[in-house]
Chemist: 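Okay, here's the structure, questions in a sec.
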Amino acid sequence: MDMELKPVNRKLREGGDPLSQININRSSPEEALAVRTNLIQFNARFIAEDLQQNYEEINLHIKDEFGEIAGGINSVFCWNWIEVDILWIDDRFRGRGYGSRLLQEIETIAKEKQCTFIKLNTFSFQAPAFYRKHGFQEITRIDDAPRGHQHYYFVKYLA
C-alpha cells in the first residue's frame, strides 16, 4: 500500500505561524540516512565517549539438516544494551530449545560487550511467557495493539 504524503502548502495569514508553509514529503533512502546521521551527531554530544562507537547489528541463525534457516535472531548493539528486533523459530522446530539457545547466545554476546541490559518487544500472540521464563521483566504493555491483542515491552538487566 503506497501512501504518498501530500505537501502541505498553506497561505501564511497575517501574524500566522511561518511553519504552516512547510512541505512534508516522503524521504528517499538518502534523505532518511541524512536524518539518521544528524540524530546520531546530536546524540553524540550527550553520550560518554567510550560508548559513542557502540553500534553493531548482531544477527544469528540456526539451519536445519538441509541447510534451510530454522530460526534466527536479529538484534542491535547500541551504546550499553542490545535490542532484539526479531526472534523467529520455524513452526517445525518450536519447543526444541532453539529460541532459548538463541537468547542465551545473545545474552553471552551482550555480557562480552559489557551491556547492562537487553530489551525487546513482543505481542500476546507471540511469546510473552517465553521471555518471562528467560528472566525478562515486562516494563509496559499497550492494549489493543493490534486490535484484540497486546504489545509487550520487556527488559532483562544483566549482572
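Numbers for residues simply follow the sequence, beginning at 1. These values consider heavy atoms only, across backbone and side chains, with no hydrogens, waters or symmetry-generated copies.
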Chemist: List the steps, then state whether salt bridge (charged side-chain N to carboxylate O under 4.0 Å, His left out) holds for D144 with R147.
Modeler: CA-CA 4 Å; D144 215 27; R147 189 173 42 247; 6.0 Å; no

Chemist: Nearest 0.5 Å, please: how far is CG in D50 from CD in Q114?
Modeler: 9.0 Å

Chemist: Say you draw a straight line from CG of D85 to CD of E57; how long is it, rounded to the nearest 0.5 Å?
Modeler: 8.0 Å

Chemist: Tell me, yes or no, whether the heavy-atom count around E138 atom CD, taken from other residues, nucleotides or ligands under 6.0 Å, exceeds 12.
Modeler: yes

Chemist: Answer yes if the side chains of E105 and T108 hold a donor-acceptor pair under 3.5 Å, and no otherwise.
Modeler: no

Chemist: Taking Q52 for the side chain and A44 for the main chain, is one N or O donor matched with an acceptor at less than 3.5 Å?
Modeler: yes

Chemist: Just so I know, are the side chains of F123 and P128 near enough to count as touching, which here means a heavy-atom distance under 4.5 Å?
Modeler: no

Chemist: Got R36 and I40 here, is their nearest side-chain heavy-atom distance under 4.5 Å?
Modeler: yes

Chemist: Are L158 and L103 connected in a single hydrophobic cluster, I mean Ile/Leu/Val/Met/Phe/Trp/Tyr linked by side-chain heavy atoms less than 4.5 Å apart?
Modeler: yes

Chemist: Hey, does W81 have a side-chain heavy atom less than 4.5 Å from the side chain of K119?
Modeler: yes

Chemist: Decide if atom OH of Y157 counts as having more than 12 heavy atoms of other residues, nucleotides or ligands within a radius under 6.0 Å.
Modeler: no

Chemist: Could you tell me whether the side chain of R141 and the main chain of Y153 form a donor-acceptor pair under 3.5 Å?
Modeler: no

Chemist: Between CG of N74 and CD of E83, what distance do you get to the nearest 0.5 Å?
Modeler: 12.0 Å

Chemist: Evaluate whether atom CZ of R132 has more than 12 neighbouring non-hydrogen atoms of other residues, nucleotides or ligands under 6.0 angstrom away.
Modeler: yes

Chemist: Quick one: pull up CG in L102 and CD1 in I73 and give me the separation to the nearest 0.5 Å.
Modeler: 6.0 Å

Chemist: Run the numbers on I69 and W88 for side-chain contact (heavy atoms from CB on, under 4.5 Å), then give the verdict.
Modeler: CA-CA 10 Å; I69 294 178; W88 169 80; 4.0 Å; yes

Chemist: Determine whether F130 and L60 fall in the same hydrophobic cluster, where Ile, Leu, Val, Met, Phe, Trp and Tyr are linked whenever their side-chain heavy atoms lie under 4.5 Å apart.
Modeler: yes

Chemist: Is any side-chain heavy atom of N25 closer than 4.5 Å to a side-chain heavy atom of N23?
Modeler: yes

Chemist: Please determine whether side-chain contact (heavy atoms from CB on, under 4.5 Å) holds for the pair Y152 and Q150, giving the CA-CA distance in whole Å, both sets of side-chain angles, and the decisive distance to 0.1 Å.
Modeler: CA-CA 6 Å; Y152 295 88; Q150 294 80 38; 3.7 Å; yes

Chemist: With side chains defined as the heavy atoms from C-beta onward, is the minimum distance between L87 and L120 less than 4.5 Å?
Modeler: no

Chemist: Any chance you could measure I86, atom CD1, to Q126, atom CD, to the nearest 0.5 Å?
Modeler: 9.5 Å

Chemist: Has S75 got a side-chain atom pairing as donor or acceptor with V84's backbone, closer than 3.5 angstrom?
Modeler: no

Chemist: Who are the side-chain contact (heavy atoms from CB on, under 4.5 Å) partners of A145, not counting sequence neighbours?
Modeler: I142, H151

Chemist: Evaluate F125 against H149 for ring pair (Phe, Tyr, Trp, His ring centres under 6.0 Å), listing each step before the verdict.
Modeler: CA-CA 7 Å; F125 55 84; H149 301 281; 4.9 Å; yes

Chemist: Quick one: are H134 and E107 in side-chain contact, heavy atoms under 4.5 Å?
Modeler: no

Chemist: Say you draw a straight line from OH of Y98 to CD1 of I89; how long is it, rounded to the nearest 0.5 Å?
Modeler: 8.5 Å

Chemist: For E31 and R26: C-alpha separation, side-chain torsions, deciding distance, then whether salt bridge (charged side-chain N to carboxylate O under 4.0 Å, His left out) applies.
Modeler: CA-CA 9 Å; E31 291 162 332; R26 292 280 178 155; over 6 Å; no

Chemist: For the residue pair F154 and Y131, categorise the inter-ring angle as parallel (less than 30°), tilted (30 to 60°) or perpendicular (more than 60°).
Modeler: tilted

Chemist: Hydrogens and angles aside, do N80 and T116 bring a side-chain donor and acceptor to less than 3.5 Å of each other?
Modeler: yes

Chemist: So, using side-chain contact (heavy atoms from CB on, under 4.5 Å) as the criterion, who are the partners of K113 when residues are at least two apart?
Modeler: E56, I58, F77, I109, C115

Chemist: Does the side chain of I118 reach to within under 4.5 Å of the side chain of F136, using non-hydrogen atoms?
Modeler: yes

Chemist: So, N54 side chain and W79 main chain: donor-acceptor pair closer than 3.5 Å or not?
Modeler: yes

Chemist: On a heavy-atom basis, which atom in A32 and which in S27 lie closest, and how many Å separate them?
Modeler: N-CB, 3.9 Å

